[in-house]
Colleague: 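Can you read through this structure? Questions will come right after.
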Amino acid sequence: DGKLMIWNANTKQKRLAIPMKSSWVMAGAISPSGQLVSCGGLDNVCSVYKVTSSDSGFVDKPPYQELAKHEGYLSCCRFQNEENIITASGDSTLMRWDVETRQERESFDDHTGDVMSVAINEHNPNTFISGSCDATAKLWDVRSPHRAVMSFDGHESDINTVAWFPAQPAFGTGCDGATMRLCAVR
């Protein structure tokens, strides 16, 4: 419906609605403090909004920052911390951004298909995993962005979701082929 909605999970009520430039939103994230929310989609842009506890109802506010450099749709975004966000795109790349300066800090381009999902390691925020339509999941380290640290094959179709397993070091993947895999990082 072209709005970024923030809900109160306890009351099951809408807390905030922000109208968007594009109604084709595919990704969203909330920063660790809850003071920033981001979204993106077919406009190829990650829009970041500042929200406060006093924001409520329908609020027509411009984005705090717009992060634009991807050449394909934005499929996923995840805050690494309050200062940095990682975006995934249909252009087969991931980018790590400095939110304040709107500058791309690193580009990760080892996938050969649309990148659909990102999960940041809570125990080591310098590392994250990605899942792609190239049927691989990749482990990345922001300190060495040009090549994936590890690549995980085995799916026969698009990987749409990745998530770290609570007991590190492992993560799960889910794909179009109705399969899930648990991958160990050693």
Side-chain angles (χ1 to χ4, degrees), residues 24-33 36-48 67-99 103-186:
W24 302 101
V25 177
M26 300 174 66
I30 301 172
S31 71
S33 72
L36 298 173
V37 294
S38 65
C39 62
L42 296 183
D43 61 356
N44 305 356
V45 175
C46 180
S47 299
V48 181
L67 311 174
K69 194 168 180 184
H70 282 294
E71 295 178 8
Y73 63 90
L74 195 79
S75 55
C76 189
C77 52
R78 295 289 178 259
F79 282 95
Q80 185 181 22
N81 49 43
E82 294 301 307
E83 295 81 30
N84 299 294
I85 189 169
I86 297 173
T87 57
S89 174
D91 65 9
S92 304
T93 67
L94 301 112
M95 292 182 187
R96 181 174 175 246
W97 300 86
D98 180 307
V99 174
Q103 297 298 309
E104 172 197 342
R105 294 185 66 157
E106 291 91 20
S107 180
F108 306 85
D109 56 4
D110 211 12
H111 279 293
T112 59
D114 300 15
V115 184
M116 301 305 293
S117 186
V118 174
I120 296 172
N121 185 339
E122 291 180 16
H123 301 287
N124 179 0
N126 286 321
T127 61
F128 64 95
I129 50 174
S130 60
S132 170
C133 292
D134 64 10
T136 66
K138 295 190 183 286
L139 173 67
W140 303 91
D141 190 314
V142 298
R143 297 164 294 194
S144 56
H146 301 291
R147 297 212 44 113
V149 174
M150 295 177 78
S151 186
F152 299 84
D153 302 315
H155 281 293
E156 295 180 10
S157 59
D158 302 356
I159 296 176
N160 293 312
T161 188
V162 292
W164 285 98
F165 193 70
Q168 300 287 323
F171 65 90
T173 60
C175 81
D176 278 353
T179 60
M180 295 182 69
R181 296 179 88 69
L182 184 61
C183 305
V185 178
R186 300 196 190 269

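All residue numbers in this chain count up from 1 along the given sequence.
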Colleague: Does the Glu156 side chain pair with the main chain of Gly177, one donor and one acceptor, at a distance under 3.5 Å?
Modeller: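 Absent.
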Colleague: Distance-only criterion, 3.5 Å: show the donor-acceptor pairs between side-chain atoms of residues 133-142 and protein atoms not counting sequence neighbours.
Modeller:
residue, atom, partner, partner atom, Å
Asp134, OD1, His111, ND1, 3.4
Asp134, OD1, Ser132, OG, 3.1
Asp134, OD1, Thr136, N, 3.0
Asp134, OD1, Thr136, OG1, 2.6
Asp134, OD2, His111, ND1, 3.0
Asp134, OD2, Thr112, N, 2.9
Asp134, OD2, Thr136, OG1, 3.3
Thr136, OG1, His111, ND1, 3.4
Lys138, NZ, Ser151, OG, 2.9
Trp140, NE1, Ser130, OG, 2.8
Asp141, OD1, Arg143, N, 2.8
Asp141, OD1, Arg143, NE, 2.8
Asp141, OD1, Arg143, NH2, 3.4
Asp141, OD2, Arg143, NE, 3.4
Asp141, OD2, Arg143, NH2, 2.6

Colleague: Within the 4.5 Å heavy-atom criterion, are Tyr73 and Met26 side-chain neighbours or not?
Modeller: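 In contact.
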Colleague: Testing the basics here: between Cys77 and Thr87, what is the closest heavy-atom pair and its distance to 0.1 Å?
Modeller: CB-CG2, 4.1 Å
Colleague: Evaluate side-chain contact (heavy atoms from CB on, under 4.5 Å) for Leu182 paired with Phe165, printing each intermediate quantity in order.
Modeller: CA-CA 8 Å; Leu182 184 61; Phe165 193 70; 4.1 Å; yes
Colleague: Around His146, counting heavy atoms of other residues, nucleotides and ligands shown, do more than 12 lie under 6.0 Å from its NE2?
Modeller: no
Colleague: Run the side-chain contact (heavy atoms from CB on, under 4.5 Å) test against Arg105 and tell me which residues pass, sequence neighbours left out.
Modeller: Asn84, Arg96, Asp98
Colleague: Minimum heavy-atom separation for Phe79 to Pro32, with atom names?
Modeller: CB-CD, 4.0 Å
Colleague: For Asp43, check side chain to side chain donor-acceptor pair (under 3.5 Å) against everything at least two apart and list the hits.
Modeller: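 Once residues adjacent in sequence are excluded, Asp43 has no partner under the side chain to side chain donor-acceptor pair (under 3.5 Å) criterion.
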Colleague: So for atom CG, which belongs to Leu42, do other residues, nucleotides or ligands contribute more than 12 heavy atoms lying within a distance under 6.0 Å?
Modeller: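 Buried by this count: over 12 neighbours within 6.0 Å.
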Colleague: Supply the atom-to-atom distance Ser75 OG to Asn160 CG, rounded to the nearest 0.5 angstrom.
Modeller: 9.5 Å
Colleague: Supply the atom-to-atom distance Asn124 CG to Trp164 CH2, rounded to the nearest 0.5 angstrom.
Modeller: 8.0 Å
Colleague: How long is the straight-line distance from NE2 of His155 back to SG of Cys183, given to the nearest 0.5 Å?
Modeller: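 Output value for this atom pair is 6.5 Å.
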Colleague: How long is the straight-line distance from CG of Leu67 back to CH2 of Trp97, given to the nearest 0.5 Å?
Modeller: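 Reported to 0.5 Å precision, the distance equals 5.5 Å.
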Colleague: Please check: side-chain N/O of Gln80 versus main-chain N/O of Pro125, any donor-acceptor pairing under 3.5 Å?
Modeller: yes
Colleague: Between Phe128 and Leu94, does the side-chain contact (heavy atoms from CB on, under 4.5 Å) criterion hold? Intermediate values first, please.
Modeller: CA-CA 11 Å; Phe128 64 95; Leu94 301 112; 4.0 Å; yes
Colleague: If you define the side chain from C-beta out and look only at heavy atoms, does anything of Glu71 sit under 4.5 Å from Ser89?
Modeller: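 Contact flag for Glu71/Ser89 side chains = no.
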Colleague: Check for a donor-acceptor pair, side chain of Thr173 on one end and backbone N or O of Met180 on the other, with a separation under 3.5 Å.
Modeller: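 Between the backbone of Met180 and the side chain of Thr173 there is no qualifying donor-acceptor contact (under 3.5 Å).
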Colleague: Do Asp91 and Thr93 get their side chains close enough for a donor-acceptor pair, meaning under 3.5 Å?
Modeller: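 Per modelled atom types, Asp91 and Thr93 side chains form a pair under 3.5 Å.
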Colleague: Calculate, to the nearest 0.5 Å, the distance between atoms CG and SG belonging to Leu74 and Cys39 respectively.
Modeller: 9.0 Å
Colleague: Enter the distance from Ile85:CD1 to Ile120:CD1 here, rounded to the nearest 0.5 Å.
Modeller: 8.0 Å
